[in-house]
Amino acid sequence: MTPLLTVENLSIGFGDFEPVVRDVSFSLDPGETLALVGESGSGKTVTCRAVLRILPRNARIRSGHIALSCGGHVTDLTTLSERRMRDVRGNQVSMVFQEPMRSLSPLHRIGNQVSEVLWLHRHASESQARKTVLETFERVGFPDPERAYRSYPFELSGGMRQRAMIAMAMVAKPDLLIADEPTTALDVTTQAQVLGLIKELQQETGMGLILVTHDLGVVANMAEQVVVMHRGRVMEAGPATALLKAPAHPYTRQLFEAAPAIPDAAPCPQRPPERDLILDMKAVSKTYVLRGGPAWRPDIEVKACRGIDLHLPRGKTLAIVGESGSGKTTAARIALGAELPDPGGAVWFLPATGDPIAVHAMTRPQRMAFQREAQMVFQDPYSSLSPRMRVVDALTEPLEIHRIGTGAERRDRAAEMLRQVGLDADMLQRFPHAFSGGQRQRLSIARAMMLDPSLIVCDEPTSALDVSVQEQILSLLEDIRDRMNLSYLFISHDLAVVARIADEVAVMRQGLVVEQAPPEVLFHNPQHPYTKALIAAQPLADIDRPINLKLVALGAGSPESWPEAFRFSASVIPSLTEFEPGHKVRCHV
Amino acid sequence: MTRLPDGRFVDDAPYDPNESLHQIERRDLDAPNWLLIWRKFRQHKLGLISGIFLLLSYLMLPFAGFIAPYTPNERMSEHLYAPPQSVHLWHEGRFVGPYVYPTKSEPDLETFQWKIVPDTSRPMPLKFFCRGGSYRLAGLIPSKTHLFCAPEGATVFLWGSDRLGRDVFSRILYGAQLSLTVGLIGITVSFLLGISFGSIAGYFGGKIDWVINRVIEILRSLPELPLWLALSAAVPSNWGPVSVFFIISIILGILDWPGLARSVRAKFLSLREEEYVRAAEMMGASSGRVIRKHLLPNFMSHLIASATLSIPAMILGETALSFLGLGLRAPAVSWGVMLNDAQNLANVEIYWWTAIPMLPIIVVVLAFNFLGDGLRDSLDPYQS
């Protein structure tokens with residue numbers, strides 16, 4: 001059988017610099033799935049964009065061939081004229097991009113954008129195209145295809161937009177689909193559903209699929225062939241089963257070890273409830289008022305958090321897990337006093353010595369004292385350090401604000417902190433933009449540590465990082481916590497990340513804690529359908545444990561669709577009841 | 001490379017898993033922001049050339065009196081409306097050095113106009129570092145030395161003379177002193193107002209933001225030209241040229257700040273969401289410190305670019321006012337004042353050189369626009 005796509009000795013470079021992709025070769029049979037795996041900067045996106053020749057302006061294919069075999073004859077995509085190339089794009093080869101928010105035109109209706117493919121390549125009439133598009137919409141799982149056809153991108157959620165992108169890529173029935181991190185920007189449960197959809201569509205149409213991803217879990221669930229790339233070169237390539245079961249190259253092994261895993265179910269020892277708390281949140285709610293629409297309509301109230309009770313014992317880690325919009329970040333901001341809870345809620349910070357501080361009603365001196373004790377590590381390493389400040393200035397700033405020490409003492413402490421987070425002290429004089437994402441996140445952690453706090457709120461500290469870097473940062477956080485007796489409030493959307501670092505996990509959905517337990521209990525004996533869905537949706541780098549889509553669909557839907565015992569609506573909300581000691585579930589008893 | 005028995009490809013090159021932690025990934029970005037901007041700006045040829053031109057123009061200002069052969073109000077009643085003279089080097093195949101021909105006015109009995117006829121038989125070399133009319137170097141040091149001046153008995157009107165027999169070239173140089181600085185003073189005023197109001201509106205939001213926004217909208221809805229006219233008509237006519245000049249530039253600045261305040265506010269709103277600003281707030285930094293240390297440095301470059309783009313508007317504004325006779329008044333010299341003389345179309349038709357002051361205006365305004373464009377393009381040096 002002739003392969004569908006053959007890439008031979010492909011090298012790509014920007015301007016006159018060293019090539020960013022060197023001697024990459026792989027081939028893909030029709031109907032097969034090939035996963036291009038690598039971290040950011042490994043050249044995987046550039047490689048797959050080269051297939052469609054949609055490289056950035058200053059990038060050139062230096063050498064190599066890309067051959068597409070289609071209907072019996074082979075075309076060399078590297079030498080094809082731009083005009084003929086346009087017939088290939090969207091027709092024989094189509095692509096799904098990473099950011100569903102940015103890859104649809106905001107000014108056109110979804111239906112028109114998808115139909116355009118058919119007008120261009122099939123010269124279909126408007127009504128024919130409409131019919132085909134509606135069928136495709138139904139196929140990719142839009143509940144109401146007619147409505148989706150008429151809507152604008154901003155009316156759809158991220159998952160729905162990605163479905164629209166997939167519909168656009170699939171509508172012309174291409175021979176090859178290139179999906180560039182199609183699920184990275186989505187929540188875990190949505191990711192599982194989108195991956196399931198892609199797989200189904202592929203089996204139906206028999207197209208080839210190139211899946212670009214940094215997640216070995218996704219690879220294990222989807223791919224038959226794997227190409228592992230690092231710094232523009234192929235490290236290891238071959239059949240997925242063999243590669244995932246026994247990785248041969250040290251880099252693959254490293255990636256594999258770094259992939260977060262859900263611990264094997266094991267019954268956990270009962271722990272006595274902790275008495276020595278550092279943070280105590282009681283009945284915390286937060287309501288935002290949206291003023292929108294006509295003036296005569298009443299304002300819309302959005303309940304970001306509803307009646308949250310969380311207790312963080314000293315020296316422990318409490319994790320809040322939930323999808324975007326579940327209210328986990330709001331809870332963290334309230335815990336740090338950056339926002340005030342609705343009246344009735346209370347947040348108490350209990351320092352090791354001294355009086356407790358009421359975070360919800362702090363005076364200015366109390367706030368200064370509290371800020372020395374509680375710090376935050378942010379999500380995006382690229383925006384959390386000011387590009388104008390040298391590392392030393394960024395690190396010494398907290399001390400400067402609180403007027404601690406002399407200039408020399410501050411610099412010494414900054415150097416000490418850099419060593420603590422695994423960097424070199426000679427990096428003090430550099431600018432943050434010289435560093436990689438992982439290094440910058442270390443700098444961010446070092447800055448949070450400068451004031452010697454006792455509580456650190458980590459707001460998704462690893463979700464913008466590559467898997468292997470994520471693993472290092474988690475180890476670092478654990479290490480620092482044990483060395484300095486810190487307490488963490490850890491916010492994440494990823495259960496597997498939380499599994500290794502947390503002592504207690506609270507799962508949130510729509511502003512409510514739906515289940516709360518130590519991670520061992522949670523993974524061993526999840527009760528709530530949403531928790532079950534989260535666990536089931538987690539792609540694992542284990543080829544024998546595929547995603548269970550049924551469980552995902554059951555729990556990831558709206559709370560109205562949950563089983564009777566867990567269902568909640570606008571008026572009736574079940575209370576959080578103790579299911580077994582240390583394990584709380586929100587259900588009707 | 002190695003092929004494993006199950007058909008796998010494995011790379012052989014040595015691999016060190018820990019090397020990346022101690023390595024600087026983007027060595028090229030390890031520099032202060034201004035250096036990165038400069039590196040990128042250097043590639044913008046048009047902007048670079050414009051920048052150099054403007055720099056030279058501004059450096060020339062204190063020495064305008066030295067370069068100009070005449071003083072601005074020196075009249076030569078024999079030579080009204082003299083056409084531009086050229087400077088020659090060779091006379092009848094012989095090198096004489098830079099020289100001019102003396103001129104003589106003759107009445108033309110057919111058209112009844114005075115005609116200026118050069119006497120091509122007598123080359124008269126220019127004098128260098130010679131004594132001429134007195135002026136003050138940089139406005140301070142009195143001096144009489146000029147770079148070059150006309151020989152005894154001849155004139156050197158490079159760009160002709162106007163209706164009172166004053167040298168247009170010298171007046172353009174003197175006019176630059178006012179016309180180019182009016183933009184700078186105006187932009188300083190508008191900068192101060194724009195930054196303070198814009199940052200207050202952007203950082204604090206709420207009621208203050210609302211009030212400032214309404215004020216901006218009201219100011220921007222006033223028709224510009226009549227307002228200028230009204231304001232400059234309010235300047236007492238017995239004030240000296242220098243105070244009129246200051247008032248004019250401050251008026252221009254006061255009317256220009258709303259645009260700047262808006263862009264400052266927009267930038268503030270977007271920067272306030274950056275995590276490093278949030279981080280500083282969580283550390284306990286005061287609002288003043290956040291604005292000073294984090295927000296201002298990060299959008300100063302944007303401000304400089306937008307200021308560069310609004311200086312031309314000020315120069316044009318001064319020119320327009322003076323052209324209408326409401327801005328600077330004689331004996332002050334600015335390009336607008338000079339163009340005031342070119343209001344009469346019939347005059348421009350016959351004595352075209354009286355409209356030459358338009359040239360420097362066009363060139364300077366274009367140069368500022370190119371420079372601003374180049375700066376704006378290189379503002380974000382972190383995108384590869």
Side-chain angles (χ1 to χ4, degrees), chain A residues 14 25-26 41 227 230 233-239 242-243 248-252 254 336 338 367-368 370-372 374-376 378-380 382-390 393-394 397-398 401-402 422-424 427 430-431 433-436 438-439 442 444 447-448 450-451 468-469 472, chain B residues 1-37 270-271 273-286 288-290 293-301 380-384:
Chain A
F14 284 88
S25 312
F26 57 83
V227 176
H230 179 61
R233 301 186 56 223
V234 175
M235 295 284 114
E236 186 170 356
L243 194 143
H249 194 276
Y251 178 69
T252 325
Q254 190 193 353
L336 274 181
R367 183 173 284 273
M368 285 303 265
F370 175 64
Q371 273 155 347
R372 287 189 60 169
Q375 281 294 313
M376 186 157 179
F378 291 87
Q379 173 175 6
D380 182 1
Y382 286 92
S383 97
S384 56
L385 293 162
S386 168
R388 293 302 186 88
M389 291 170 107
R390 288 175 193 271
D393 298 324
E397 196 188 9
I401 290 171
H402 289 269
L423 298 175
D424 305 328
M427 290 174 174
R430 300 200 180 275
F431 283 86
H433 271 276
F435 296 101
S436 67
Q439 288 170 324
R442 282 169 195 263
S444 204
R447 181 180 58 185
M450 284 297 283
L451 284 172
S468 60
V469 182
Q472 295 168 359
Chain B
M1 75 176 86
T2 322
R3 278 210 175 270
L4 297 189
D6 53 7
R8 260 191 289 167
F9 163 92
V10 179
D11 190 67
D12 282 338
Y15 170 77
D16 172 19
N18 287 324
E19 71 172 303
S20 63
L21 187 55
H22 300 281
Q23 228 172 34
I24 303 298
E25 192 183 61
R26 298 295 303 270
R27 205 165 275 284
D28 52 324
L29 288 183
D30 182 28
N33 189 277
W34 62 265
L35 190 64
L36 295 174
I37 290 185
S270 71
L271 277 181
E273 296 303 310
E274 293 282 333
E275 283 179 350
Y276 58 84
V277 177
R278 294 259 186 85
E281 282 169 359
M282 296 251 174
M283 285 171 214
S286 63
R289 188 189 166 95
V290 171
K293 279 260 182 179
H294 292 275
L295 296 173
L296 277 182
N298 275 300
F299 72 64
M300 212 22 128
S301 42
D380 205 352
Y382 303 113
Q383 279 165 356
S384 49

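All chains are named by letter (A, B, ...) in the order of the sequence lines, taking the proteins before the strands, and each is independently numbered beginning at 1.
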Is B:Glu273 in contact with chain A via its backbone, its side chain, both, or neither, using a 4.5 Å heavy-atom distance?
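No part of it gets close to chain A.
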Do you know which two heavy atoms are closest between [X] and [Y], and how far apart they sit?
| X | Y | answer |
| --- | --- | --- |
| A:Ser384 | B:Tyr276 | O-CB, 3.4 Å |
| A:Ser386 | B:His294 | CB-ND1, 4.1 Å |
| A:Phe378 | B:Ala279 | CE1-CB, 3.4 Å |
| A:Asp380 | B:Glu275 | N-OE1, 3.0 Å |
| B:Pro297 | A:Arg388 | O-NH1, 2.7 Å |
| B:Met282 | A:Gln371 | O-CG, 3.0 Å |

Can you tell me how far the NZ atom of B:Lys293 sits from the CD1 atom of A:Ile401, to the nearest 0.5 Å?
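The CD1 atom of A:Ile401 is 9.0 Å from NZ of B:Lys293, to the nearest 0.5 Å.
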Do A:Met376 and B:Glu281 have side-chain heavy atoms sitting under 4.5 Å apart?
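The answer is no, as the side chains (C-beta and beyond) never meet within the 4.5 Å cut-off.
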Where does [X] contact chain B at under 4.5 Å (heavy atoms): side chain, backbone, both or neither?
| X | value |
| --- | --- |
| A:Met368 | side chain |
| A:Met450 | neither |
| A:Leu243 | both |
| A:Arg372 | neither |
| A:Arg430 | both |

Which one of A:Gln379, A:Met235, A:Glu397 has the most heavy-atom pairs closer than 4.5 Å to chain B?
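Winner by heavy-atom pair count: A:Glu397.
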Among A:Pro250, A:Ala374, A:Gly238, A:Ala237, which residue forms the greatest number of heavy-atom pairs with chain B at distances under 4.5 Å?
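Option with the top pair count is A:Ala237.
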Could you list the residues that satisfy ring-ring contact (aromatic ring centres under 6.0 Å, His included) with A:Phe26, not counting sequence neighbours?
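Partners of A:Phe26 by the ring-ring contact (aromatic ring centres under 6.0 Å, His included) criterion come out as none, since no residue qualifies.
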